[in-house]
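None of the values given here were measured: they were computed from a predicted structure.
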Amino acid sequence: MAERKENEFVYRERKRILFFGLPWTFTKYMITDDMITVDSGFFKTVEDDCYMYKVQDVKLTATLLERMFGLGTITCYTGDVTHQILTLTHIKHAKEIKNYLLQASEQARMKRRTLHTQDIGADMEERLEE
């Protein structure tokens with residue numbers, strides 16, 4: 001793989017219609033080392049960003065028709081305020097992109113020294129005593 005510059009696109013993909021997987025929509029997904037950008041709309045365009053370190057989990061789903069046309073849908077569960085669930089719908093190379101998102105989000109958290117923790121009821125004894 002050739003060397004890439006910082007913030008250069010790693011993946012650039014379009015939302016596709018399910019029939020034959022043709023890119024006839026106006027939604028574009030751009031993924032860099034530290035950000036996911038969703039650009040959508042024709043008359044009114046909306047550009048929304050999510051920092052990579054905020055991606056907590058990634059799920060890949062592929063229906064029978066998506067598999068027939070080489071597509072998949074990636075769902076990113078994030079800590080972002082505007083998009084807690086970010087969906088990359090009907091995209092090509094979905095498995096490769098999902099694996100990249102998992103690795104890149106982990107690296108971004110390590111780079112920023114961000115720690116994601118869950119409350120698993122560690123203070124349950126204090127609640128029971130009250």
Quick one: SG on Cys76 to CG on Leu60, what's the gap to the nearest 0.5 Å? 10.5 Å

Can you list the steps and then say if Thr37 with Glu47 is a side chain to side chain contact (heavy atoms under 4.5 Å, CB included)? CA-CA 7 Å; Thr37 302; Glu47 184 175 300; 3.6 Å; yes

Could you tell me if the side chain of Ile91 sits less than 4.5 Å from the side chain of Lys15, heavy atoms only? no

Do Val58 and Tyr77 have side chains that approach each other closer than 4.5 Å (heavy atoms only, starting at C-beta)? no

Just wondering, do Ile36 and Met52 contact through their side chains at under 4.5 Å, heavy atoms? yes

Rounded to the nearest 0.5 Å, what separates atom NE2 in His93 from atom CG in Asn99? 13.5 Å

Please find the pair of heavy atoms, one from Ala94 and one from Gly72, that lie closest to each other, and give the distance. CB-CA, 3.7 Å

Tell me which pairs pass salt bridge (charged side-chain N to carboxylate O under 4.0 Å, His left out) where either residue lies in residues 64-73, with sequence neighbours left out. none

Counterpart residues, side chain to side chain donor-acceptor pair (under 3.5 Å), relative to Asp39 (two or more places apart): none

What's the separation between atom OH in Tyr29 and atom CZ in Arg14, rounded to the nearest 0.5 Å? 10.5 Å

State yes or no: do Ile17 and Leu64 share one hydrophobic cluster built from I, L, V, M, F, W and Y residues joined by side-chain heavy-atom distances below 4.5 Å, directly or via other members? yes

Would you mind reporting whether Lys92 and Leu71 have side-chain heavy atoms less than 4.5 Å apart? yes

Rounded at 0.5 Å granularity, tell me how far NZ in Lys54 sits from OG in Ser105. 14.0 Å

Looking only at non-hydrogen atoms, find the nearest pair between Ile74 and Lys98 and report the distance. CD1-N, 3.7 Å

Say whether, by atom type as modelled, one donor and one acceptor occur between the side chain of Thr45 and the main chain of Gly41 under 3.5 angstrom. no

Indicate, with yes or no, if Val38 and Ile85 share a hydrophobic cluster defined by side-chain heavy-atom contacts under 4.5 Å among Ile, Leu, Val, Met, Phe, Trp and Tyr. no

Verify the cluster assignment for Val10 and Tyr53: are they in a single hydrophobic cluster under the rule of side-chain heavy atoms below 4.5 Å apart? no

Can you see which heavy atom on Val81 is nearest to which on Gln84, and at what distance? O-CG, 4.4 Å

Output all residues satisfying side chain to side chain donor-acceptor pair (under 3.5 Å) with Tyr51, sequence neighbours left out; order by chain, then residue number. none

Residues which pass side-chain contact (heavy atoms from CB on, under 4.5 Å) with Tyr11, listed by chain and number, not counting sequence neighbours: Ile31, Glu96, Ile97, Tyr100

Kindly indicate whether the side chain of Thr27, heavy atoms from C-beta on, has any atom under 4.5 Å from the side chain of Thr89. no

Nearest-0.5 Å distance that lies between atom CG in Leu86 and atom SG in Cys50: 6.0 Å

For Glu106, check side-chain contact (heavy atoms from CB on, under 4.5 Å) against everything at least two apart and list the hits. Arg109, Met110

May I ask you to list the residues sharing a hydrophobic cluster with Val46, side-chain cutoff 4.5 Å, ordered by chain and number? none

